[in-house]
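Structure first, commentary second.
Worth saying up front: this structure is predicted, and the values here are computed from it rather than measured.
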Amino acid sequence: MIKFRALMLAILCASLMACSSKKADLIVFNAKIYTVNDSFEIVEAMAIKDGKILALGSSQDIKLTYPGEEEIDAQGRAVYPGFIDSHAHFFNYAESLNNANLTEAKSWGEVLERLQEFAKTQPEGWLTGRGWDQNDWPDKKFPTKQKLDELFPDRPVLLTRIDGHAAIANQKALNEAGVTKAYELTGGEFITENGKLTGVLIDNAVDVVAKKSTAIGKEKMVSLLKQAQRNCFEVGLTTIVDCGLDYEAVEGIEKLQSNNDLKMRFYVMLSDSEKNFDYLVKRGAIKTDRLNVRSFKVYADGALGSRGACLLHPYSDMPSKKGFLLSDLSHFEKVAKKLNEHNFQMCTHAIGDSANRAILKIYNQVLGADNDKRWRIEHAQVVNQNDFGLFGSAKIVPSVQPTHATSDMYWAEDRLGKDRVKGAYAYKQLLQQNGWIALGTDFPVEQISPMLTFYAATARKDANDFPKNGYQMENALTAQETLKGMTIWGAKANFEEKEKGSLEVGKFADFVIMENDLMNADAKQILQNKVIKTYVNGEKVYERSAISKNKK
């Protein structure tokens with residue numbers, strides 16, 4: 001009788017366990033899962049259902065309680081929340097895949113050689129390219145259009161600098177744009193020598209010529225966007241903040257997402273223009289699981305590399321220049337008041353210390369201290385020591401790109417001088433203002449890899465281990481701060497911290513399985529680290545190599 005009762009009790013317990021268990025779509029176990037929750041907890045396993053995280057815990061408990069339709073043995077590898085790039089140009093990156101690649105060219109001569117090879121594959125229409133940087137050449141002066149005119153007298157050529165804030169055009173392209181001589185232009189400049197156009201265009205002058213270039217066809221553009229998405233998934237990016245699109249591009253994203261052609265999540269900043277503002281006011285903020293549109297990208301000034309950044313004092317290596325604002329101060333004041341009234345987020349590109357000061361003062365005047373508007377300064381690249389507190393006083397979010405520090409460190413002091421440069425790329429000092437910071441790449445200005453972001457933020461070195469002791473290491477971030485900046489703080493900057501950015505119950509199952517553990521890796525392991533798998537909404541969107549997997 002006792003044995004019978006024990007048997008019945010065992011059957012009852014098994015029955016109750018079966019009833020209480022929940023079927024999961026996917027189980028990840030035998031892993032080192034960095035949840036990036038408030039306590040930065042690490043667990044072994046997680047269960048996923050309907051694109052969201054169902055439970056986290058030990059491998060034994062998760063497998064026992066949540067039988068999975070599919071199970072992945074992570075073989076002890078590290079798992080992180082899907083990486084968020086808080087400042088990028090996804091559409092521009094896609095377009096760049098159709099351009100001549102001029103990045104890391106070591107001279108103007110190499111640029112010309114690459115362009116001639118590219119022209120063989122593109123025999124008609126405009127020749128476009130991107131990525132040259134005169135700071136990487138023996139002769140660091142801007143090039144002229146002379147050789148372009150000789151090589152391509154009958155084809156318009158437009159080659160954009162790495163930062164997108166300068167370009168060089170040949171005479172044919174200038175003619176197409178109706179530019180026969182230099183003229184005054186707010187927020188831009190046509191560079192001349194001895195009164196003649198050199199072909200070099202700065203900031204708004206680039207747009208004068210670029211708007212005449214041949215547009216990419218719709219079918220081709222869709223193909224390029226899908227290719228760009230594949231490249232992003234390959235490096236573990238699951239959310240992209242695309243900075244500065246027109247509303248037509250947003251409608252294009254919506255259509256591609258509805259057709260399941262784009263599975264990437266996007267946080268879109270609309271470009272600062274009346275048509276975009278009128279559109280969003282009429283329609284209202286857009287929010288779906290994969291698309292969030294509630295912010296505007298505003299440009300205060302240009303770039304440091306092309307001396308378009310607006311400085312309080314002249315450039316140390318060119319005392320005749322201080323840079324310039326791209327619009328009058330009254331414009332920024334008007335935009336700030338308008339966006340605040342409609343509860344939209346203002347995100348302003350500010351590189352120079354004068355531009356940062358001007359925008360930060362406007363933000364503080366409009367917002368005041370008690371707000372949760374999360375207005376952002378994009379780049380916050382050079383900040384006067386007296387102005388860092390203006391971030392904290394109005395809770396302004398610094399949105400920075402760590403690889404800018406390691407790309408610019410070779411010449412930044414030449415531009416700024418040894419004292420002023422201390423306030424440049426000051427990520428730790430910016431972090432301390434509010435206790436958090438958003439990290440991105442600014443691709444295609446930089447490479448898309450989050451591993452480069454992680455390494456630049458923590459080691460403050462380039463891929464060749466230079467400088468030996470790191471660049472201005474007082475502003476290096478810790479590994480934990482950097483991971484947060486690439487995940488949960490990036491989500492917070494987008495008002496999305498309750499749905500993504502960490503691996504917690506109820507949040508989207510966006511995650512990556514990595515070859516090496518970033519939190520315990522040396523320089524070589526970080527730089528060579530590869531994504532094994534990328535998941536968005538519990539769906540595998542990229543796989544590098546097979547991991548032990550059991551289908552049930």
Would you please indicate if the ring centroids of His87 and His404 are separated by under 6.0 Å?
-> no
What distance do [X] atom [atom1] and [Y] atom [atom2] have between them, rounded to the nearest 0.5 Å?
X      : Y      : atom1 : atom2 : value
Lys500 : Thr239 : NZ    : OG1   : 3.0 Å
Met514 : Arg544 : CE    : CZ    : 9.5 Å
Asp301 : Ser327 : CG    : OG    : 11.0 Å
Phe511 : Thr238 : CZ    : OG1   : 10.5 Å
Ile286 : Glu251 : CD1   : CD    : 8.0 Å
Ile513 : Glu543 : CD1   : CD    : 9.0 Å

The residue among Val397, Thr482, Leu430 that forms side-chain contact (heavy atoms from CB on, under 4.5 Å) with Ile437 is Leu430
Q. Taking the six-membered ring for Trp, are Phe296 and Phe277 parallel (under 30°), tilted (30 to 60°) or perpendicular (over 60°)?
A. tilted
query = Angle class for the Tyr425/Tyr427 ring planes (parallel below 30°, perpendicular above 60°, tilted otherwise)?
reply = perpendicular
Near [X] [atom1], under 6.0 Å, is it more than 12 heavy atoms from other residues, nucleotides or ligands?
X      : atom1 : value
Asp370 : CG    : no
Lys52  : NZ    : no
Lys361 : NZ    : no
Gln447 : CD    : no

field: Electrostatic pair Arg265-Glu496, nearest N-O below 4.0 angstrom
entry: no
Would Glu274 and Lys338 pass as an ion pair if we require N to O under 4.0 Å?
yes
Are [X] and [Y] close enough that a side-chain donor and a side-chain acceptor fall under 3.5 Å?
X      : Y      : answer
Tyr542 : Asn231 : no
Thr348 : Tyr363 : yes
Glu333 : Gln365 : no
Ser399 : Glu378 : yes
Arg130 : Ser96  : no
Asp85  : Thr441 : yes
Asp517 : Tyr34  : yes
Asn371 : Lys395 : no

Test salt bridge (charged side-chain N to carboxylate O under 4.0 Å, His left out) on Arg374 and Asp372; report intermediate values, then the result. CA-CA 5 Å; Arg374 306 184 197 182; Asp372 189 33; 3.1 Å; yes
Would you confirm whether Asp510, through its side chain, and Asn537, through its main-chain N or O, come within 3.5 Å as a donor-acceptor pair? yes
(message) Donor-acceptor pair, distance only, cut-off 3.5 Å: does the side chain of Tyr80 make one with the backbone of Leu518?
(response) yes
The single option from Lys492, Lys507, Lys287, Arg290 that satisfies salt bridge (Lys or Arg N to Asp or Glu O under 4.0 Å) with Glu499 is Lys287
Criterion salt bridge (charged side-chain N to carboxylate O under 4.0 Å, His left out) on Lys63 and Glu44, from CA distance to verdict
CA-CA 11 Å; Lys63 291 187 71 175; Glu44 292 180 333; over 6 Å; no
